[in-house]
Amino acid sequence: NVICSGVTSCIGSMIHASKNEKKGKAFLTGFWQGGIGGILKFSGKELTYQVGRNSLYYAWPARIVHAAGLSIVENAAYHRPFLENWHLYLGIVRMDFSVKKDNPMRWRFLPLSPYNIYRASRYGKFDLGKTLQTGSIIFHHRESVLFDVPGLGSVAGLSYYNAMVVGNENYVLHPYFIAHELVHEFQYYEYMTLNAWISKPAEKIVGSKTKNIFSKYLYAEVPYFWGFYEWQRQKKVFYQNFFEFEAESSATNTYINRR
C-alpha cells in the first residue's frame, strides 16, 4: 500500500509539475506524501476487521480513514498542496471538498454506479438498514449463504464496487462477508487515482463543455480495477490473487495460506 501509493503519486506529481520545477523534487514530494496516504489506506482496510468482530458501524471509520489516505495520495498525484483537497465516495456519488475557502464542495455522480447496482440487485434484495450502517449499497440473498453466479460458481459475497451482494444474513459469518466485500470497494476506488496520470492529456482532447460537465456534475469513473483484477484472477490458487488475499486478510485478521 505504501510503495504503490508512493509510486502512483510521484509519477502523477511529475506529470503535473510546472515546467520550471525540477522533476526530482516533484518525484520526492509525490513519493513521501503518497506514502503517508498509503499508510492511512492500509489502516482503513485493516479497520474492516472490526466490522465482522464488533459492529457494521465500524465500516464508517474504516471508510473515512481510507478516504483520508486516498485523498492524500490523489492530492500528491495532482501535485497540489499537501492536505488541501479531500474526497469521499458514497454509493452513487463522490464528494469533493477543500480547505481553501474559494473552493466549494462538489457532489459528482459516478456514471457506472447504476449499472453496478443493477448487477448486484439480480442476486439479492436491497437492505436499507445495512446500507445506512456501512455507507455501502448492500443487497443480500435471503434464501441461502451461498448463491450461484455465472462464471464464478457458488459464492458467499460479491462486490460490484459501488454495490455488493452477500449471502443470508442469519449466518454467523455474515458480517465478515460484508467486511471482505468492503475492502474490494476500497480497492476499486484506489485505482481511480490513475486518472491523475491521464487527466492532463485528456483535457487537451475534450472540449470546454465536456470539461465543465466532468468538473461540476460527473466524475470520470474509469474502472481500471477491473483489468487488474482479471489479471490476478488467472492465478491457479484463489488467494494468490492479491486482491482476494488482501480483502480476506484485512476482513478476518488471520493468516491466509496462498499456496
Does any donor atom in the side chain of [X] or [Y] lie under 3.5 Å from an acceptor atom in the other side chain?
X      : Y      : answer
Asn54  : Tyr49  : no
Gln33  : Ser9   : no
Tyr229 : Gln187 : no

Item checked: Heavy-atom pair with the smallest gap, counting every atom of Lys235 and Gln232 ->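 Taking Lys235 first and Gln232 second, the nearest heavy atoms are CG-O, 2.9 Å.
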Check: Looking only at heavy atoms, which two atoms of Asn116 and Ala163 are closest? And how far apart?
Finding: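 Closest pair (atom of Asn116, atom of Ala163, distance): O-CB, 4.3 Å.
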Any Lys/Arg nitrogen of [X] or [Y] sitting under 4.0 Å from an Asp/Glu carboxylate oxygen of the other?
X      : Y      : value
Glu181 : Lys130 : no
Asp127 : Lys125 : no
Glu185 : Arg63  : yes

Next item on the list: Please answer: with hydrophobic residues joined when any side-chain heavy atoms are less than 4.5 Å apart, are Val183 and Phe245 in the same cluster?
Entry: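 No, Val183 does not connect to Phe245 through the hydrophobic network.
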Note to self: Using 0.5 Å steps for rounding, measure from the CD atom of Glu244 to the CZ atom of Arg258.
What the structure shows: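 Rounded to the nearest 0.5 Å, the CD-CZ separation comes out at 11.0 Å.
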Next item on the list: Sort out for me which residue in Phe186, Phe225, Tyr89 forms a ring pair (Phe, Tyr, Trp, His ring centres under 6.0 Å) with Tyr161.
Entry: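 When Phe186, Phe225, Tyr89 are each tested with Tyr161, the ring pair (Phe, Tyr, Trp, His ring centres under 6.0 Å) holds only for Phe225.
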Note to self: Here's a test for you: under side chain to side chain contact (heavy atoms under 4.5 Å, CB included), which of Asp96, Val93, Ile213 qualifies with Arg108?
What the structure shows: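 Result for side chain to side chain contact (heavy atoms under 4.5 Å, CB included) with Arg108: Asp96.
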Checklist line | ring pair (Phe, Tyr, Trp, His ring centres under 6.0 Å) assessment of Trp32 paired with Phe82 | finding: CA-CA 11 Å; Trp32 75 260; Phe82 187 50; 5.2 Å; yes
Next item on the list: Examine Arg119 relative to Tyr160 and say whether NZ or CZ is less than 6.0 Å from the centre of the six-membered ring and inside a 45° cone about the ring axis.
Entry: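 No, a cation-pi geometry is absent between Arg119 and Tyr160.
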Item checked: Cation-pi, Tyr78 ring and Arg80 (6.0 angstrom, 45 degrees) ->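 Verdict for Tyr78: a cation-pi partner in Arg80.
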Checklist line | Steps toward ring pair (Phe, Tyr, Trp, His ring centres under 6.0 Å) verdict (Tyr224, Tyr191) | finding: CA-CA 6 Å; Tyr224 304 103; Tyr191 277 82; 8.0 Å; no
Check: Does Glu246 have any salt bridge (Lys or Arg N to Asp or Glu O under 4.0 Å) partners at least two apart in sequence or in another chain, and if so, which?
Finding: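 Testing Glu246 for salt bridge (Lys or Arg N to Asp or Glu O under 4.0 Å), a comparison that skips the adjacent residues, returns Lys45.
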Checklist line | Residue pair Ile36 / Phe31, side-chain heavy-atom distance below 4.5 Å | finding: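 Contact flag for Ile36/Phe31 side chains = no.
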Notebook entry, point to check: Is there a donor-acceptor contact under 3.5 Å from the side chain of Glu221 to the main chain of Leu112?
Noted result: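 Checking the backbone N and O of Leu112 against the side chain of Glu221, a donor-acceptor pair under 3.5 Å is found.
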